[in-house]
Chemist: 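I am attaching a structure below and will ask some questions about it afterwards.
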Amino acid sequence: MNTAELEFEKPFVELERHLAELAAFAETNPDLDLAEGIGALKQNADTLTKQAFRKLSRWDKVRLARHAQRPQAPFYINALLDESTELYSDKLYGDDRALIGGLAWFDGQPLVYLAQQKGTNLEERQEMNFGYTHPEGYRKARRLMQLADKFNRPLLCFVDTPGAHFDLRSEEYGQAMAIAENLAEMMTMRVPILVVIIGEGGSGGALAIAVGNRVLMMEYAVYCVAPPEACSGIVWKDKGEHAPEATEGYKPTAPDLLKLGIIDQVIREPLGGAHRDPEAAARNVRRSIRRHLTELMQMTPQQLVQQRHERYRHIGLYGEDSVDVS
(Lines give C-alpha, C1' and ligand atoms only; values in the text may rest on other atoms or scores of the structure.)
Protein backbone atom coordinates (compact mmCIF):
# COMPACT_ATOMS: atom_id res chain seq x y z
CA MET A 1 0.00 0.00 0.00
CA ASN A 2 1.37 3.39 -0.97
CA THR A 3 2.02 5.37 2.22
CA ALA A 4 1.05 8.54 0.34
CA GLU A 5 -2.55 7.34 0.18
CA LEU A 6 -4.98 8.83 2.67
CA GLU A 7 -7.06 6.52 4.84
CA PHE A 8 -10.34 7.21 3.05
CA GLU A 9 -8.65 6.53 -0.32
CA LYS A 10 -7.28 3.10 0.49
CA PRO A 11 -10.38 0.91 -0.06
CA PHE A 12 -11.14 2.07 -3.59
CA VAL A 13 -7.46 2.46 -4.52
CA GLU A 14 -6.95 -1.17 -3.53
CA LEU A 15 -10.02 -2.15 -5.56
CA GLU A 16 -8.67 -0.32 -8.62
CA ARG A 17 -5.34 -2.06 -8.15
CA HIS A 18 -7.05 -5.44 -8.26
CA LEU A 19 -8.99 -4.33 -11.33
CA ALA A 20 -5.75 -3.44 -13.08
CA GLU A 21 -4.32 -6.85 -12.24
CA LEU A 22 -7.47 -8.53 -13.57
CA ALA A 23 -7.31 -6.50 -16.78
CA ALA A 24 -3.66 -7.48 -17.24
CA PHE A 25 -4.60 -11.13 -16.69
CA ALA A 26 -7.35 -10.82 -19.31
CA GLU A 27 -4.88 -9.44 -21.84
CA THR A 28 -2.55 -12.41 -21.40
CA ASN A 29 -5.46 -14.86 -21.63
CA PRO A 30 -7.45 -13.80 -24.71
CA ASP A 31 -9.52 -16.98 -24.64
CA LEU A 32 -11.27 -15.77 -21.49
CA ASP A 33 -13.95 -13.12 -22.03
CA LEU A 34 -13.75 -11.00 -18.87
CA ALA A 35 -14.70 -7.65 -20.40
CA GLU A 36 -18.25 -7.58 -19.05
CA GLY A 37 -17.18 -8.54 -15.53
CA ILE A 38 -14.33 -6.03 -15.50
CA GLY A 39 -16.70 -3.31 -16.72
CA ALA A 40 -19.18 -4.06 -13.94
CA LEU A 41 -16.42 -4.02 -11.32
CA LYS A 42 -15.10 -0.73 -12.68
CA GLN A 43 -18.56 0.80 -12.43
CA ASN A 44 -18.86 -0.43 -8.84
CA ALA A 45 -15.46 1.06 -7.99
CA ASP A 46 -16.50 4.42 -9.43
CA THR A 47 -19.75 4.31 -7.46
CA LEU A 48 -17.91 3.56 -4.22
CA THR A 49 -15.48 6.42 -4.89
CA LYS A 50 -18.30 8.88 -5.57
CA GLN A 51 -20.08 7.84 -2.39
CA ALA A 52 -16.92 8.22 -0.33
CA PHE A 53 -16.09 11.64 -1.75
CA ARG A 54 -19.60 12.96 -1.16
CA LYS A 55 -19.01 12.33 2.55
CA LEU A 56 -15.63 14.03 2.81
CA SER A 57 -15.23 16.42 5.72
CA ARG A 58 -13.56 19.78 5.30
CA TRP A 59 -10.50 18.36 7.06
CA ASP A 60 -10.38 15.51 4.52
CA LYS A 61 -10.29 18.13 1.76
CA VAL A 62 -7.42 19.92 3.48
CA ARG A 63 -5.51 16.66 3.44
CA LEU A 64 -6.32 16.18 -0.24
CA ALA A 65 -5.01 19.69 -0.98
CA ARG A 66 -1.75 18.63 0.71
CA HIS A 67 -1.58 15.21 -0.96
CA ALA A 68 2.00 14.23 -1.74
CA GLN A 69 1.02 13.12 -5.25
CA ARG A 70 -1.13 16.15 -6.07
CA PRO A 71 0.01 17.90 -9.29
CA GLN A 72 1.99 21.04 -8.56
CA ALA A 73 2.45 24.24 -10.52
CA PRO A 74 5.34 23.02 -12.74
CA PHE A 75 3.05 20.27 -14.05
CA TYR A 76 0.37 22.80 -15.04
CA ILE A 77 2.95 25.15 -16.53
CA ASN A 78 4.31 22.37 -18.74
CA ALA A 79 0.84 21.09 -19.64
CA LEU A 80 -0.86 24.42 -20.36
CA LEU A 81 1.76 26.99 -21.38
CA ASP A 82 3.93 27.09 -24.47
CA GLU A 83 7.55 28.28 -24.71
CA SER A 84 7.72 29.11 -21.01
CA THR A 85 10.87 30.99 -20.05
CA GLU A 86 11.56 31.24 -16.33
CA LEU A 87 13.08 34.42 -14.91
CA TYR A 88 15.12 34.44 -11.73
CA SER A 89 16.00 36.62 -8.76
CA ASP A 90 14.52 39.75 -7.23
CA LYS A 91 17.61 41.67 -8.49
CA LEU A 92 18.14 42.88 -4.92
CA TYR A 93 19.18 39.91 -2.81
CA GLY A 94 18.66 36.53 -4.45
CA ASP A 95 16.32 33.90 -5.83
CA ASP A 96 13.67 31.81 -4.08
CA ARG A 97 12.71 28.45 -5.58
CA ALA A 98 9.42 28.36 -3.65
CA LEU A 99 8.07 31.00 -6.06
CA ILE A 100 8.77 30.79 -9.77
CA GLY A 101 7.69 32.92 -12.68
CA GLY A 102 8.43 33.94 -16.20
CA LEU A 103 7.12 34.51 -19.72
CA ALA A 104 4.98 32.11 -21.75
CA TRP A 105 2.15 31.73 -24.26
CA PHE A 106 -1.34 30.39 -23.63
CA ASP A 107 -3.46 29.61 -26.69
CA GLY A 108 -1.41 32.10 -28.71
CA GLN A 109 -1.67 34.83 -26.07
CA PRO A 110 1.62 36.02 -24.53
CA LEU A 111 1.46 36.34 -20.76
CA VAL A 112 3.46 36.44 -17.54
CA TYR A 113 3.02 33.63 -15.04
CA LEU A 114 3.72 33.29 -11.33
CA ALA A 115 3.55 30.02 -9.42
CA GLN A 116 4.33 28.54 -6.03
CA GLN A 117 5.82 25.08 -5.63
CA LYS A 118 6.66 22.70 -2.78
CA GLY A 119 8.82 20.05 -4.45
CA THR A 120 8.15 16.38 -5.07
CA ASN A 121 10.96 14.76 -3.06
CA LEU A 122 12.97 15.62 0.04
CA GLU A 123 15.80 17.32 -1.86
CA GLU A 124 13.39 19.51 -3.85
CA ARG A 125 11.30 20.30 -0.79
CA GLN A 126 14.35 21.51 1.08
CA GLU A 127 15.39 23.62 -1.91
CA MET A 128 11.88 25.09 -2.13
CA ASN A 129 11.43 25.61 1.62
CA PHE A 130 8.49 23.16 1.55
CA GLY A 131 6.53 25.86 -0.28
CA TYR A 132 7.10 28.63 2.27
CA THR A 133 8.16 31.75 0.36
CA HIS A 134 10.91 34.13 1.49
CA PRO A 135 10.82 37.91 0.89
CA GLU A 136 13.04 37.62 -2.18
CA GLY A 137 10.41 35.35 -3.74
CA TYR A 138 7.71 37.96 -3.29
CA ARG A 139 10.01 40.69 -4.57
CA LYS A 140 10.74 38.56 -7.63
CA ALA A 141 6.99 38.22 -8.12
CA ARG A 142 6.57 41.98 -7.94
CA ARG A 143 9.31 42.46 -10.54
CA LEU A 144 7.40 40.16 -12.90
CA MET A 145 4.13 41.93 -12.15
CA GLN A 146 5.74 45.17 -13.25
CA LEU A 147 6.99 43.51 -16.44
CA ALA A 148 3.46 42.29 -17.19
CA ASP A 149 2.07 45.80 -16.67
CA LYS A 150 4.81 47.49 -18.69
CA PHE A 151 4.44 45.22 -21.73
CA ASN A 152 0.65 44.80 -21.48
CA ARG A 153 0.68 41.05 -20.78
CA PRO A 154 -2.00 39.26 -18.70
CA LEU A 155 -0.80 37.84 -15.39
CA LEU A 156 -1.60 34.19 -14.61
CA CYS A 157 -0.95 32.99 -11.05
CA PHE A 158 -0.92 29.41 -9.73
CA VAL A 159 -1.30 29.45 -5.93
CA ASP A 160 -0.07 26.55 -3.79
CA THR A 161 1.64 27.42 -0.50
CA PRO A 162 1.09 26.69 3.19
CA GLY A 163 2.06 30.31 3.84
CA ALA A 164 4.84 32.86 3.86
CA HIS A 165 8.09 31.82 5.53
CA PHE A 166 7.94 32.62 9.24
CA ASP A 167 11.58 32.48 10.34
CA LEU A 168 13.52 35.37 11.86
CA ARG A 169 15.54 35.89 8.69
CA SER A 170 12.38 36.48 6.64
CA GLU A 171 11.17 39.11 9.08
CA GLU A 172 14.56 40.81 9.14
CA TYR A 173 14.62 40.88 5.33
CA GLY A 174 11.22 42.55 5.04
CA GLN A 175 8.62 39.78 4.69
CA ALA A 176 5.65 41.95 5.69
CA MET A 177 6.72 44.81 3.43
CA ALA A 178 7.29 42.49 0.46
CA ILE A 179 3.78 41.03 0.79
CA ALA A 180 2.19 44.48 1.29
CA GLU A 181 3.95 45.87 -1.79
CA ASN A 182 2.65 42.96 -3.87
CA LEU A 183 -0.91 43.61 -2.73
CA ALA A 184 -0.61 47.28 -3.65
CA GLU A 185 1.01 46.43 -6.99
CA MET A 186 -1.70 43.99 -8.03
CA MET A 187 -4.49 46.42 -7.14
CA THR A 188 -3.18 48.98 -9.62
CA MET A 189 -2.10 46.75 -12.53
CA ARG A 190 -3.79 47.68 -15.80
CA VAL A 191 -3.74 44.16 -17.26
CA PRO A 192 -5.96 41.11 -16.59
CA ILE A 193 -4.99 39.09 -13.51
CA LEU A 194 -6.26 35.52 -13.38
CA VAL A 195 -5.59 33.42 -10.25
CA VAL A 196 -5.92 29.64 -9.98
CA ILE A 197 -5.66 28.07 -6.52
CA ILE A 198 -4.45 24.53 -7.25
CA GLY A 199 -3.59 23.26 -3.76
CA GLU A 200 -3.09 25.14 -0.52
CA GLY A 201 -3.81 28.83 -0.37
CA GLY A 202 -2.29 29.73 2.96
CA SER A 203 -2.82 33.21 4.46
CA GLY A 204 -0.83 36.22 3.26
CA GLY A 205 1.66 33.90 1.62
CA ALA A 206 -1.00 33.01 -0.92
CA LEU A 207 -2.70 36.40 -1.11
CA ALA A 208 0.59 38.02 -2.13
CA ILE A 209 0.07 36.64 -5.66
CA ALA A 210 -3.71 36.12 -5.53
CA VAL A 211 -5.28 39.58 -5.93
CA GLY A 212 -7.01 38.94 -9.23
CA ASN A 213 -9.86 40.06 -11.44
CA ARG A 214 -10.98 36.44 -11.34
CA VAL A 215 -10.01 33.83 -8.74
CA LEU A 216 -10.58 30.18 -9.66
CA MET A 217 -10.17 27.29 -7.26
CA MET A 218 -9.82 23.58 -7.81
CA GLU A 219 -12.45 21.39 -6.22
CA TYR A 220 -10.21 19.98 -3.46
CA ALA A 221 -8.00 23.01 -2.93
CA VAL A 222 -8.23 25.15 0.22
CA TYR A 223 -7.85 28.90 0.79
CA CYS A 224 -7.70 30.24 4.33
CA VAL A 225 -6.46 32.96 6.64
CA ALA A 226 -4.16 30.52 8.48
CA PRO A 227 -3.42 26.78 8.39
CA PRO A 228 -5.87 24.74 10.50
CA GLU A 229 -3.06 23.78 12.88
CA ALA A 230 -2.28 27.45 13.52
CA CYS A 231 -5.96 28.22 14.09
CA SER A 232 -6.11 25.31 16.52
CA GLY A 233 -3.17 26.70 18.43
CA ILE A 234 -4.72 30.17 18.63
CA VAL A 235 -8.18 29.03 19.75
CA TRP A 236 -7.45 25.91 21.79
CA LYS A 237 -3.86 26.78 22.85
CA ASP A 238 -2.66 23.37 21.66
CA LYS A 239 -0.22 22.04 19.04
CA GLY A 240 -2.77 21.46 16.31
CA GLU A 241 -4.81 18.64 17.82
CA HIS A 242 -8.05 20.51 17.08
CA ALA A 243 -7.20 21.22 13.43
CA PRO A 244 -10.22 19.25 12.11
CA GLU A 245 -12.59 21.26 14.32
CA ALA A 246 -10.90 24.49 13.29
CA THR A 247 -11.35 23.58 9.63
CA GLU A 248 -15.06 23.02 10.11
CA GLY A 249 -15.26 26.39 11.83
CA TYR A 250 -13.66 28.67 9.27
CA LYS A 251 -14.67 26.76 6.13
CA PRO A 252 -11.69 27.02 3.74
CA THR A 253 -13.01 24.76 0.97
CA ALA A 254 -14.01 25.73 -2.56
CA PRO A 255 -17.81 25.37 -2.16
CA ASP A 256 -17.69 27.47 1.01
CA LEU A 257 -15.69 30.25 -0.62
CA LEU A 258 -17.84 30.26 -3.74
CA LYS A 259 -20.91 30.94 -1.57
CA LEU A 260 -19.07 33.78 0.17
CA GLY A 261 -17.97 35.38 -3.11
CA ILE A 262 -14.26 34.93 -2.34
CA ILE A 263 -13.75 32.93 -5.54
CA ASP A 264 -15.46 33.00 -8.92
CA GLN A 265 -15.46 29.37 -10.02
CA VAL A 266 -14.81 25.88 -8.68
CA ILE A 267 -12.84 23.82 -11.20
CA ARG A 268 -13.99 20.21 -11.10
CA GLU A 269 -11.36 17.56 -10.44
CA PRO A 270 -11.28 13.99 -11.77
CA LEU A 271 -12.95 11.32 -9.66
CA GLY A 272 -10.75 10.81 -6.60
CA GLY A 273 -8.86 14.10 -6.94
CA ALA A 274 -6.41 15.71 -9.35
CA HIS A 275 -3.62 13.28 -8.40
CA ARG A 276 -5.67 10.35 -9.73
CA ASP A 277 -5.73 11.78 -13.27
CA PRO A 278 -3.47 14.85 -13.66
CA GLU A 279 -4.04 15.11 -17.42
CA ALA A 280 -7.81 15.34 -16.96
CA ALA A 281 -7.29 17.92 -14.22
CA ALA A 282 -5.11 19.97 -16.57
CA ARG A 283 -7.77 19.87 -19.28
CA ASN A 284 -10.36 21.23 -16.85
CA VAL A 285 -7.99 24.00 -15.77
CA ARG A 286 -7.26 24.87 -19.40
CA ARG A 287 -10.95 25.27 -20.23
CA SER A 288 -11.51 27.54 -17.25
CA ILE A 289 -8.46 29.69 -17.93
CA ARG A 290 -9.42 30.04 -21.58
CA ARG A 291 -12.96 31.18 -20.75
CA HIS A 292 -12.07 33.70 -18.08
CA LEU A 293 -8.99 35.07 -19.84
CA THR A 294 -11.01 35.60 -23.03
CA GLU A 295 -13.60 37.58 -21.07
CA LEU A 296 -11.01 39.67 -19.23
CA MET A 297 -9.14 40.51 -22.45
CA GLN A 298 -12.28 42.33 -23.66
CA MET A 299 -12.04 44.83 -20.78
CA THR A 300 -10.18 48.14 -20.91
CA PRO A 301 -7.33 48.86 -18.46
CA GLN A 302 -9.59 51.25 -16.57
CA GLN A 303 -12.33 48.63 -16.31
CA LEU A 304 -9.88 46.00 -15.07
CA VAL A 305 -8.61 48.23 -12.27
CA GLN A 306 -12.11 49.31 -11.30
CA GLN A 307 -13.46 45.75 -11.32
CA ARG A 308 -10.59 44.58 -9.11
CA HIS A 309 -11.14 47.40 -6.64
CA GLU A 310 -14.89 46.75 -6.46
CA ARG A 311 -14.33 43.02 -6.06
CA TYR A 312 -12.22 43.40 -2.94
CA ARG A 313 -14.27 46.25 -1.47
CA HIS A 314 -17.34 44.01 -1.46
CA ILE A 315 -15.75 40.86 -0.04
CA GLY A 316 -16.99 40.07 3.44
CA LEU A 317 -20.49 39.39 4.69
CA TYR A 318 -21.60 40.18 8.20
CA GLY A 319 -24.62 41.08 10.30
CA GLU A 320 -28.11 40.50 8.97
CA ASP A 321 -26.90 40.00 5.40
CA SER A 322 -24.40 37.26 6.24
CA VAL A 323 -24.64 33.88 4.54
CA ASP A 324 -24.71 30.55 6.32
CA VAL A 325 -22.28 28.22 4.49
CA SER A 326 -22.62 25.29 6.88
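Only heavy atoms go into these numbers, but all of them, side chains included; no hydrogens, no water, no symmetry mates.
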Chemist: Tell me whether the count of non-hydrogen atoms from other residues, nucleotides or ligands lying under 6.0 Å of CE in Met177 goes above 12.
Modeler: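 Atom CE in Met177 is not packed in, count stays at 12 or less.
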Chemist: Phe75 and Ala282: which non-hydrogen atoms are nearest, and at how many Å?
Modeler: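 Shortest heavy-atom contact: CE2-CB, 3.9 Å.
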Chemist: Working to the nearest 0.5 angstrom, can you tell me the gap between Ile100 CD1 and Ile77 CD1?
Modeler: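 Rounded to the nearest 0.5 Å, the CD1-CD1 separation comes out at 4.0 Å.
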Chemist: Before giving the answer on side chain to side chain contact (heavy atoms under 4.5 Å, CB included), spell out for Ile198 and Val285 the whole-Å C-alpha distance, their side-chain angles and the decisive distance to 0.1 Å.
Modeler: CA-CA 9 Å; Ile198 59 174; Val285 173; 5.6 Å; no
Chemist: So if you build clusters from Ile, Leu, Val, Met, Phe, Trp, Tyr with side-chain heavy-atom gaps below 4.5 Å, do Val222 and Leu6 land together?
Modeler: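 Each belongs to a different hydrophobic cluster.
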Chemist: Share the residues that join Tyr132 in a hydrophobic cluster, the rule being Ile, Leu, Val, Met, Phe, Trp or Tyr side chains under 4.5 Å apart at the heavy-atom level.
Modeler: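 The other cluster members (ILVMFWY side chains, heavy atoms under 4.5 Å, direct or chained) are Leu122, Phe130, Phe166.
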Chemist: Would you kindly confirm whether Phe106 and Met218 end up in one hydrophobic cluster when ILVMFWY residues are joined by side chain heavy atoms under 4.5 Å apart?
Modeler: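 Yes: a chain of side-chain contacts under 4.5 Å links Phe106 to Met218.
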Chemist: Please check: side-chain N/O of Gln175 versus main-chain N/O of His165, any donor-acceptor pairing under 3.5 Å?
Modeler: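 Checked: pair present.
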Chemist: Given side-chain hydrogen bond (donor to acceptor under 3.5 Å, both in side chains), test His292 with Asp264 step by step and report yes or no.
Modeler: CA-CA 10 Å; His292 288 280; Asp264 299 286; over 6 Å; no
Chemist: Got a second to check how far Arg142's CZ is from Leu92's CG, nearest 0.5 Å?
Modeler: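 If we round to the nearest 0.5 Å, Arg142:CZ and Leu92:CG are 9.5 Å apart.
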Chemist: Show the numbers, then the answer: is there a side chain to side chain contact (heavy atoms under 4.5 Å, CB included) between Ile197 and Val215?
Modeler: CA-CA 8 Å; Ile197 302 168; Val215 179; 3.9 Å; yes
Chemist: Verify, without hydrogens or angle tests, whether Asp277 (side chain) and Pro270 (backbone) share a donor-acceptor contact under 3.5 angstrom.
Modeler: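 No; zero donor-acceptor contacts below 3.5 Å.
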Chemist: A quick test of your reading: do over 12 heavy atoms of other residues, nucleotides or ligands sit less than 6.0 Å from CD of Glu123?
Modeler: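 Atom CD in Glu123 is not crowded, with 12 or fewer foreign heavy atoms closer than 6.0 Å.
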Chemist: Closer than 3.5 angstrom, by distance alone: can the side chain of Gln109 be matched with the main-chain N or O of Asp107 as a donor-acceptor pair?
Modeler: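 Not a single qualifying donor-acceptor pair exists.
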Chemist: List the steps and the verdict of side chain to side chain contact (heavy atoms under 4.5 Å, CB included) for Met297 and Thr294.
Modeler: CA-CA 5 Å; Met297 292 296 294; Thr294 299; 5.9 Å; no
Chemist: When rounded to the nearest 0.5 angstrom, what is the spacing between CZ in Arg308 and CD1 in Ile193?
Modeler: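 Result: 3.5 Å between the selected atoms.
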Chemist: Mind listing the closest non-hydrogen atom pair of Pro192 and Leu296 along with its distance?
Modeler: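 That would be CB-CB, 3.7 Å.
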Chemist: Who passes salt bridge (charged side-chain N to carboxylate O under 4.0 Å, His left out) against Asp160, sequence neighbours left out?
Modeler: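 Expected list: Lys118.
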Chemist: Is there a side-chain contact between Met217 and Tyr223 in this structure, where contact means two heavy atoms from C-beta onward sitting under 4.5 Å apart?
Modeler: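 Touching, per the 4.5 Å side-chain cut-off.
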Chemist: Is there a salt bridge (Lys or Arg N to Asp or Glu O under 4.0 Å) between Asp96 and Arg139 once you walk through the steps?
Modeler: CA-CA 10 Å; Asp96 185 355; Arg139 284 193 289 263; over 6 Å; no
Chemist: From Asn284 CG over to Ile289 CD1, what is the distance, rounded to the nearest 0.5 angstrom?
Modeler: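 One gets 11.0 Å once the value is rounded to the nearest 0.5 Å.
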Chemist: Just wondering, do Pro110 and Trp105 contact through their side chains at under 4.5 Å, heavy atoms?
Modeler: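 They are in side-chain contact.
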Chemist: Could you give the distance from OG1 (Thr253) to CG (Leu258), rounded to the nearest 0.5 Å?
Modeler: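 One gets 10.0 Å once the value is rounded to the nearest 0.5 Å.
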Chemist: Distance check, rounded to the nearest 0.5 Å: Tyr76 atom OH versus Leu156 atom CG?
Modeler: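 Going from OH on Tyr76 over to CG on Leu156, the span is 12.5 Å.
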Chemist: Charged N to carboxylate O under 4.0 angstrom, Arg70 versus Glu200?
Modeler: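 Not counted as a salt bridge, because no side-chain N and carboxylate O are separated by less than 4.0 Å.
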Chemist: Do Ile263 and Leu114 sit in the same hydrophobic cluster, where Ile, Leu, Val, Met, Phe, Trp and Tyr count as joined when their side-chain heavy atoms come under 4.5 Å apart?
Modeler: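 Shared cluster, yes.
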Chemist: Only one of Thr133, Asp95, Asp90 clears side chain to side chain donor-acceptor pair (under 3.5 Å) with Lys140; which?
Modeler: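 Testing each of Thr133, Asp95, Asp90 against Lys140, the sole residue satisfying side chain to side chain donor-acceptor pair (under 3.5 Å) is Asp95.
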Chemist: How close do Pro255 and Lys61 get, counting heavy atoms only, and between which atoms?
Modeler: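 It is CG-NZ, 4.3 Å.
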Chemist: Given side chains that start at C-beta, do those of Leu111 and Leu194 come closer than 4.5 Å, heavy atoms only?
Modeler: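 No, their side chains stay 4.5 Å or more apart.
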Chemist: Closest approach of Met186 and Cys157, non-hydrogen atoms and distance?
Modeler: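 Scanning both residues, the minimum pair turns out to be CE-SG, 4.2 Å.
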Chemist: Could you tell me whether a side-chain N or O of Asp149 sits under 3.5 Å from a main-chain N or O of Gln146, the two making a donor and an acceptor?
Modeler: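 Between the backbone of Gln146 and the side chain of Asp149 there is no qualifying donor-acceptor contact (under 3.5 Å).
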Chemist: Below 4.0 angstrom, N of the basic side chain to O of the carboxylate: do Glu229 and Arg66 qualify?
Modeler: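 The answer is yes: the pair qualifies as a salt bridge.
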Chemist: Judged by modelled atom types alone, do Gln306 and Gln302 share a side-chain donor-acceptor pair under 3.5 Å?
Modeler: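 Per modelled atom types, Gln306 and Gln302 side chains form no pair under 3.5 Å.
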Chemist: Does this structure show an ion pair linking Glu136 with Arg169, if we count only N-O contacts that are shorter than 4.0 Å?
Modeler: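 Judged by the 4.0 Å cut-off on N to carboxylate O distance, Glu136 and Arg169 do form a salt bridge.
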Chemist: Between the main-chain N or O of Gly131 and the side-chain N or O of Asn129, is there a donor-acceptor pair closer than 3.5 Å?
Modeler: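 Absent.
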Chemist: Do you know which two heavy atoms are closest between Pro135 and Ala178, and how far apart they sit?
Modeler: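 Looks like O-CB, 4.0 Å.
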Chemist: Return yes if some donor-acceptor pair links the side-chain N/O of Tyr88 with the main-chain N/O of Arg97 below 3.5 Å, else return no.
Modeler: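 Not at all, since once roles are kept as given, no pair shorter than 3.5 Å links the two residues.
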Chemist: Quick check on the 6.0 Å ring-centre criterion: do Phe53 and Tyr220 meet it?
Modeler: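 Phe53 vs Tyr220: aromatic centres under 6.0 Å.
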Chemist: Please indicate whether Trp236 has more than 12 foreign heavy atoms, meaning atoms of other residues, nucleotides or ligands, lying under 6.0 Å from its CH2.
Modeler: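 Counting neighbours around CH2 of Trp236, more than 12 heavy atoms of other residues, nucleotides or ligands fall under 6.0 Å, so yes.
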Chemist: Take Arg214 and Glu295 through the test side chain to side chain contact (heavy atoms under 4.5 Å, CB included) and record every step on the way to the result.
Modeler: CA-CA 10 Å; Arg214 303 280 173 85; Glu295 293 174 0; 2.8 Å; yes
Chemist: Please tell me if the side chains of Arg287 and Ile267 come closer than 4.5 Å, counting only heavy atoms from C-beta onward.
Modeler: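 A side-chain contact under 4.5 Å is absent here.
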Chemist: Do Thr188 and Val305 have side chains that get closer than 4.5 Å, going by heavy atoms?
Modeler: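 Heavy-atom side-chain distance check fails, nothing below 4.5 Å.
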